[in-house]
Novice: 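I'd like to ask you about the structure that follows.
Atom set for the values below is all heavy atoms of this structure, side chains included, hydrogens, waters and symmetry mates excluded.
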Amino acid sequence: MIKRILDPEEFKIVVSDIFELHAYDLEHWAHYYIRHNKESVIENFANKHLLYWKVFVWANHNGDKWDAVILFIEDHNPMFGAKMFTEHIWLSKNPKVGYKLLTTALKFAKEKEFEVVSMGAVEKHPNSDKVKEFYNKLGFKKDSETYIAKL
C-alpha cells in the first residue's frame with residue numbers, strides 16, 4: 001500500500017525500515033566518499049511542517065514493513081527562477097512498486113504546479129545505466145553531471 005508520509009513518527013519508522021532493508025545498497029552503491037546517514041535523514045526531515053510543505057515522501061507498506069520509498073524536496077531554484085521538484089531518495093527492490101511511487105509523486109507535482117522535476121542516478125550503482133535509460137523513456141533529458149572529491 002502506497003501512502004504519503006506526513007507524520008514525523010511514521011517517517012522515522014519508514015526510514016528505519018528502509019535503511020534495514022536496503023542496507024547493502026546504501027553501503028555499497030552509494031556515492032564514492034559519502035554514505036546515506038539514517039540519523040541525519042531523520043533529524044533533517046522528520047518535521048510535520050516540512051513533511052507537509054517542502055519534503056514530499058511516499059512509501060510502500062508490504063503488510064509487514066515499509067519496503068520502498070521516494071522523497072522529493074521543493075526547490076525554488078534561483079538560477080532558473082523555477083519551482084522544482086527534486087528527487088533525493090528513491091529506493092525499491094520491486095520495479096513495479098518503484099514505478100508506482102514515481103507516478104504517484106509526479107501526479108502530485110503536476111497537481112501542485114511544479115514547473116520542473118529533477119531526478120538523479122548514482123553512477124556507482126550497477127543499475128545506473130538502466131535507470132538512465134528509464135528516465136530517457138519517460139522524456140527526461142540529461143542536464144548535468146556532478147563530480148565529488150574527498151577533502
Novice: Distance check, rounded to the nearest 0.5 Å: R4 atom CZ versus T104 atom OG1?
Specialist: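 So the CZ of R4 and the OG1 of T104 are separated by 12.0 Å.
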Novice: In the structure I gave you, are the side-chain heavy atoms of V69 and H22 within less than 4.5 Å of one another anywhere?
Specialist: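 No. Closest side-chain heavy atoms not under 4.5 Å.
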Novice: So if you build clusters from Ile, Leu, Val, Met, Phe, Trp, Tyr with side-chain heavy-atom gaps below 4.5 Å, do I70 and M84 land together?
Specialist: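 No, I70 and M84 fall in different hydrophobic clusters.
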Novice: Within this structure, what is the CD-NZ distance for the pair E9 and K48, rounded to the nearest 0.5 Å?
Specialist: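 Rounded to the nearest 0.5 Å, the CD-NZ separation comes to 11.5 Å.
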Novice: Hey, are the side chains of V55 and L71 touching, using non-hydrogen atoms and a 4.5 Å cut-off?
Specialist: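 Touching, per the 4.5 Å side-chain cut-off.
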Novice: As a test of understanding, state which of L6, L50, V41 forms a side chain to side chain contact (heavy atoms under 4.5 Å, CB included) with F11.
Specialist: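 So the option named by the test is V41.
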Novice: If the plane angle is over 60° it's perpendicular, under 30° parallel, otherwise tilted; pick one for F72 and F85.
Specialist: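 The arrangement is parallel - the two ring planes meet at less than 30°.
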Novice: From D75 CG over to T86 OG1, what is the distance, rounded to the nearest 0.5 angstrom?
Specialist: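 Rounded to the nearest 0.5 Å, the CG-OG1 separation comes out at 4.5 Å.
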Novice: Is there a path of hydrophobic side-chain contacts, each under 4.5 Å between heavy atoms of I/L/V/M/F/W/Y residues, joining F56 to M119?
Specialist: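 Same cluster: M119 reaches F56 through Ile, Leu, Val, Met, Phe, Trp or Tyr contacts under 4.5 Å.
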Novice: Could you tell me the separation between the CD atom of E113 and the CD atom of E115, rounded to the nearest 0.5 Å?
Specialist: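 Separation between the atoms: 9.5 Å.
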Novice: Are K93 and L21 close enough that some pair of their side-chain heavy atoms sits under 4.5 Å apart?
Specialist: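 SC-SC contact between K93 and L21 confirmed.
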Novice: Closest approach of G120 and E87, non-hydrogen atoms and distance?
Specialist: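 Taking G120 first and E87 second, the nearest heavy atoms are N-OE1, 2.8 Å.
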Novice: Can you tell whether the side chains of K54 and E74 come within less than 4.0 Å, N to carboxylate O?
Specialist: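 A salt bridge links K54 with E74.
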Novice: About how many Å separate CG of N60 and CD1 of I18, when rounded to the nearest 0.5 Å?
Specialist: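 Between atom CD1 of I18 and atom CG of N60 there are 8.5 Å.
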Novice: For K130, is there an ion pair with E133 - N to carboxylate O distance below 4.0 angstrom?
Specialist: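 Looking at E133 and K130, the cut-off is not met.
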Novice: Using 30° and 60° as the class boundaries, would you call the ring planes of F108 and W58 parallel, tilted or perpendicular?
Specialist: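 Taking W58 first and then F108, their aromatic rings stand perpendicular (interplane angle over 60°).
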Novice: Could you see if L138 belongs to whatever hydrophobic cluster contains F114? Use Ile, Leu, Val, Met, Phe, Trp, Tyr and a side-chain cutoff under 4.5 Å.
Specialist: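 Per the 4.5 Å side-chain linkage, L138 and F114 are co-clustered.
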Novice: Side chains of H88 and F45: does their closest heavy-atom pair fall under 4.5 Å?
Specialist: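 No, every pair of side-chain atoms sits at 4.5 Å or beyond.
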Novice: Under a 3.5 Å distance rule, please check whether W66 uses its side chain to pair with a backbone N or O of V15 as donor and acceptor.
Specialist: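 It does not hold such a pair.
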Novice: Take atom CD in E111; do more than 12 heavy atoms of anything else shown fall under 6.0 Å from it?
Specialist: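 Yes, the 6.0 Å shell around CD holds more than 12 heavy atoms from other groups.
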Novice: If you draw a 6.0 Å radius around NZ in K83, do more than 12 non-hydrogen atoms from other residues or ligands fall strictly inside?
Specialist: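 Count over threshold, so yes.
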Novice: Passes side-chain contact (heavy atoms from CB on, under 4.5 Å), D67 versus N94? Steps please.
Specialist: CA-CA 9 Å; D67 65 353; N94 181 330; 5.9 Å; no
Novice: Rounded at 0.5 Å granularity, tell me how far CG in L101 sits from CD1 in I2.
Specialist: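 Result: 4.5 Å between the selected atoms.
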Novice: Taking all atoms of both residues into account, what is the closest heavy-atom pair of S92 and G98, and its distance?
Specialist: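 Distance-wise, the nearest heavy atoms are OG-N, 3.4 Å.
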